[in-house]
Chemist: 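Shown below is the structure under consideration.
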Number of protein chains: 2
Amino acid sequence: MREGVEWAVHCCIDLSWVSPDRPVPAARLAAFHDLPTAYLNKQLNALGRAGIVSSRSGPRGGFRLGRKPQEISLMDVVTAIDGAAQGFRCTGIRLDGPAGAVAGRAGRRTGCAVERSFREAELDWRRRLAARSVADLAEAVRRADPAAPGRVRRWFDQHGPA
Amino acid sequence: MREGVEWAVHCCIDLSWVSPDRPVPAARLAAFHDLPTAYLNKQLNALGRAGIVSSRSGPRGGFRLGRKPQEISLMDVVTAIDGAAQGFRCTGIRLDGPAGAVAGRAGRRTGCAVERSFREAELDWRRRLAARSVADLAEAVRRADPAAPGRVRRWFDQHGPA
DNA sequence: GGGGTGTTACTCGGATAGACGATGTCCGAGTTACGTGGG
DNA sequence: CCCACGTAACTCGGACATCGTCTATCCGAGTAACACCCC
């Protein structure tokens with residue numbers, strides 16, 4: 001799992017708290033979390049390609065959420081950053097070498113049992129991530145500290161472009 | 001997910017079908033699946049450290065299962081090969097830079113909501129893998145092709161050490 | 001005063017280096033079986 | 001014939017290169033706002 005996923009999720013939560021008619025530049029988000037600006041920009045790019053955020057160039061430009069926070073799942077973010085590839089890659093060694101010859105015709109026809117089990121597990125993981133939205137996480141943070149959203153929003157307003 | 005996991009699981013299934021009083025050298029297992037011998041040996045080493053297989057040096061040496069197939073879960077194998085580290089690493093950016101100052105004392109005390117969600121998802125994944133044993137997979141293969149176990153066993157008997 | 005235009009500063013976006021971990025390979029330590037010699 | 005010993009081959013186990021991917025950085029294309037000038 002790439003580290004950028006954590007960054008992206010936190011940025012989405014932040015963006016859900018600032019006024020939507022005020023795009024936030026990558027540099028501001030990076031400064032807020034003390035991250036390398038250019039690299040965070042790259043991650044936000046990926047979010048943009050997935051439609052999770054929308055970007056705008058030039059002065060007064062930056063990023064804002066591309067759709068409502070409750071419509072952005074953690075799975076969406078992971079897919080945008082890490083790609084859609086599965087964690088478990090079946091390279092088919094089951095049928096390589098003599099093993100292929102030893103496996104019967106019936107065995108060759110059916111899928112790989114190992115791959116199936118790992119797919120199931122990964123599906124569980126995906127389902128759970130798909131069930132959690134950015135809005136859910138933002139709500140959890142707000143519950144722990146009701147004033148947090150306001151403070152975050154104020155920080156971005158004060159430290160925005162001059 | 002490292003590729004060696006796939007190799008390790010298939011080797012465990014193979015080993016569950018050969019006679020336990022006949023250790024199988026890494027070279028034989030590698031030849032069966034057309035894999036690089038030395039590298040597979042490395043993976044089997046890791047399985048050995050985890051107690052999943054037991055190894056023996058010298059002539060007539062090799063690997064055999066360290067315990068019954070129904071007592072080896074896929075999670076055990078993954079942990080042995082990939083390590084116990086989590087896929088999602090929380091680096092704590094939530095509290096780095098100005099974000100730490102903006103977060104209230106209450107926010108600092110509670111754990112990271114993002115990390116919690118990813119942990120939950122990963123726990124689902126782990127649970128599913130822990131519920132599948134090598135015996136389950138071997139049984140699935142046998143059901144698709146009842147003669148497969150016998151053929152595999154015969155191959156290793158015939159192509160064993162002279 | 002209003003409108004058009006050139007300039008300027010700002011931001012994203014993708015192309016370009018560097019670092020870390022996984023992949024793949026090699027050789028030495030240890031162990032077992034076998035052959036040999038002696039009792 | 002039985003036993004002890006030396007020898008030799010075989011296998012694991014960990015140390016050593018190589019490769020790919022993630023991490024990090026930089027610079028150019030595009031854009032919107034601003035200032036200025038002309039009407």
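Bear in mind that the values here come from a model prediction, so they are computed numbers and not experimental data. Just the heavy atoms: all of them, side chains too, but no hydrogens, waters or symmetry mates, feed the values below. We name chains A, B, ... by the order of the sequence lines, and we start the count at 1 in each one.
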Chemist: Rounded to the nearest Å, what distance is computed from the CZ atom of residue B/Arg22 to the P atom of nucleotide C/dT32?
Modeler: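 Atom CZ in B/Arg22 sits about 16 Å away from atom P in C/dT32.
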
Chemist: Tell me which nucleotide among D/dT25, C/dC12, C/dT25 gets nearest to the side chain of B/Pro36.
Modeler: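 It is C/dT25.
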
Chemist: Would you classify B/Ala27 as touching base, sugar-phosphate or nothing, given that sugar-phosphate means primed atoms plus P, OP1 and OP2, and contacts are heavy atoms under 4.0 Å?
Modeler: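 Contact class for B/Ala27: none.
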
Chemist: Please tell me whether A/Thr79 and A/Asp76 have a donor and an acceptor in their side chains that are separated by less than 3.5 angstrom.
Modeler: no

Chemist: Answer yes when A/Asp14 and A/Arg28 have at least one side-chain N-carboxylate O distance shorter than 4.0 Å, and no when they do not.
Modeler: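 Salt bridge between A/Asp14 and A/Arg28, a charged N being under 4.0 Å from a carboxylate O: no.
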
Chemist: Between the opening five pairs and the closing five pairs of the helix from C/dG1-D/dC39 to C/dG39-D/dC1, how far apart are the helix axes, to 10°?
Modeler: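 Inter-axis angle at the termini of the helix from C/dG1-D/dC39 to C/dG39-D/dC1: 0°.
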
Chemist: Below the 4.0 Å mark, does C/dT25 have OP1 or OP2 next to a side-chain nitrogen or oxygen of B/Thr37?
Modeler: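 It does not, given that no N or O in the side chain of B/Thr37 lies less than 4.0 Å from OP1 or OP2 of C/dT25.
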
Chemist: Mind calculating the distance between CZ (B/Arg89) and P (C/dC20) to the nearest angstrom?
Modeler: 13 Å

Chemist: Out of C/dC26, D/dG13, C/dC12, which nucleotide sits closest to the side chain of A/Pro25?
Modeler: C/dC12

Chemist: May I ask you to check whether A/Phe156 and A/Trp17 place their ring centers less than 6.0 Å from one another?
Modeler: no

Chemist: Would you say a side-chain N or O of B/Arg60 is under 4.0 Å from OP1 or OP2 of C/dT31?
Modeler: no

Chemist: Quick one: do A/Arg119 and A/Asp124 make a salt bridge, cutoff under 4.0 Å?
Modeler: no

Chemist: OP1 or OP2 of C/dT23 sitting under 4.0 Å from any side-chain N/O of B/Arg2?
Modeler: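 The answer is yes; a side-chain N or O of B/Arg2 sits under 4.0 Å from OP1 or OP2.
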
Chemist: What is the nucleic acid contact for A/Gly62, judged by heavy atoms within less than 4.0 Å: base, sugar-phosphate only, or nothing?
Modeler: sugar-phosphate

Chemist: B/Arg49 has an atom CZ; how far is it from atom P of D/dC12, in whole Å?
Modeler: 14 Å

Chemist: Does a side-chain N or O from A/Tyr39 land closer than 4.0 Å to OP1 or OP2 of D/dT23, or not?
Modeler: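 Checking D/dT23 against A/Tyr39, a side-chain N or O does come within under 4.0 Å of OP1 or OP2.
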
Chemist: Between A/Asn41 (CG) and D/dG30 (P), how many Å, whole number?
Modeler: 17 Å

Chemist: Determine the interplanar angle of the B/His10 and B/His33 rings, folded into 0 to 90°, and report it as parallel if under 30°, tilted if 30 to 60°, perpendicular if over 60°.
Modeler: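 Tilted, since the angle between the ring planes falls between 30° and 60°.
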
Chemist: Using atom CG of B/Leu44 as one end and atom P of C/dG24 as the other, report the distance to the nearest whole Å.
Modeler: 15 Å

Chemist: Rounded to whole Å, how long is the line connecting atom CD1 of B/Ile93 with atom P of D/dA24?
Modeler: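 Spelled out: CD1 on B/Ile93 to P on D/dA24 is 12 Å.
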
Chemist: Could you tell me whether a side-chain N or O of B/Glu6 sits under 3.5 Å from a main-chain N or O of A/Thr91, the two making a donor and an acceptor?
Modeler: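 It does hold such a pair.
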
Chemist: Less than 4.0 angstrom between a side-chain N/O of A/Asn45 and OP1 or OP2 of C/dC12, yes or no?
Modeler: no

Chemist: Consider the side chain of A/Arg56, meaning its heavy atoms from C-beta on, and name the nucleotide among D/dT23, D/dA33, C/dG13 that approaches it most closely.
Modeler: D/dA33

Chemist: Specify the separation, in whole Å, of atom CD1 of A/Ile81 and atom P of D/dA24.
Modeler: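 Spelled out: CD1 on A/Ile81 to P on D/dA24 is 14 Å.
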
Chemist: Side chain of B/Pro59 only, heavy atoms from C-beta on: which candidate in C/dG24, D/dC10, D/dG13 is closest?
Modeler: D/dC10

Chemist: Mapping A/Gly58 and B/Gln43 to their closest nucleotides on DNA chain C, which lands nearer the 5' end?
Modeler: A/Gly58

Chemist: On the nucleotide D/dC12, are OP1 or OP2 found under 4.0 Å from the side-chain N or O atoms that B/Arg64 carries?
Modeler: no

Chemist: What is the separation between atom NZ on B/Lys42 and atom C1' on D/dT11, rounded to the nearest whole Å?
Modeler: 16 Å

Chemist: According to ring-ring contact (aromatic ring centres under 6.0 Å, His included), who are the partners of A/Trp155, at least two apart in sequence or on a separate chain?
Modeler: A/Phe32, A/His159

Chemist: Any ion pair linking B/Asp145 and A/Arg105 (charged N to carboxylate O, less than 4.0 Å)?
Modeler: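 The answer is no: the pair does not qualify as a salt bridge.
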
Chemist: Hey, is the side chain of B/Ser57 poking within less than 4.0 Å of OP1 or OP2 on C/dT32, counting only N and O atoms?
Modeler: no

